[in-house]
Amino acid sequence: MKWGPSGAAVSAMKPLINCKALGATGQTGSFVDCTTLIDKSKQFISDLPEGPEKSLGFIDDPSNTAFAAFLNAAQSAVLR
């Protein structure tokens with residue numbers, strides 16, 4: 001996993017090698033009946049419920065400067 005400013009080139013992003021966990025990655029959708037009274041046949045639209053918030057898990061490594069910069073950016077609301 002890498003992080004950097006929005007729009008930065010991937011080569012300029014800093015690696016976060018101590019990121020070891022990622023939360024739930026998604027859900028599958030179904031179809032919802034949206035048939036009106038005028039329709040002669042059933043009508044459906046796809047439905048995708050809101051997914052859970054993502055959570056990242058890190059192993060603390062004070063010597064990792066990229067991780068320290070990531071934490072400082074998160075605390076100063078740069079990443080929000």
Side-chain angles (χ1 to χ4, degrees):
M1 176 175 169
K2 294 184 174 194
W3 82 276
S6 179
V10 174
S11 60
M13 293 184 176
K14 299 173 185 170
L16 294 174
I17 59 173
N18 55 337
C19 180
K20 302 297 180 189
L22 178 66
T25 56
Q27 297 179 355
T28 57
S30 60
F31 290 92
V32 176
D33 184 359
C34 64
T35 308
T36 65
L37 296 174
I38 292 176
D39 291 329
K40 303 263 188 230
S41 60
K42 285 204 165 274
Q43 303 291 322
F44 296 92
I45 58 173
S46 64
D47 173 43
L48 188 59
E50 289 187 27
E53 292 287 324
K54 298 285 185 216
S55 60
L56 300 173
F58 294 94
I59 295 175
D60 191 24
D61 182 6
S63 65
N64 185 336
T65 56
F67 182 57
F70 173 75
L71 290 178
N72 290 334
Q75 288 175 346
S76 66
V78 171
L79 298 179
R80 294 183 191 175

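For reference, positions follow the sequence shown, starting with 1.
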Q | Closest heavy-atom pair and its distance - I45, C34 | A | CG2-SG, 3.7 Å

Q. Of all heavy-atom pairs between F58 and F70, which one has the smallest distance, and what is that distance?
A. CZ-CE2, 3.7 Å

Q. For A69 and W3, which heavy atoms make the closest approach, and how far apart are they?
A. C-CZ2, 3.6 Å

Donor-acceptor contacts under 3.5 Å from residues 7-21 side chains, at least two apart:
from: N18; atom 1: ND2; to: I59; atom 2: O; distance (Å): 2.8
from: K20; atom 1: NZ; to: I17; atom 2: O; distance (Å): 3.3

**Q.** Polar side-chain atom of T35 near backbone of Q43 as donor-acceptor pair, under 3.5 Å
**A.** yes

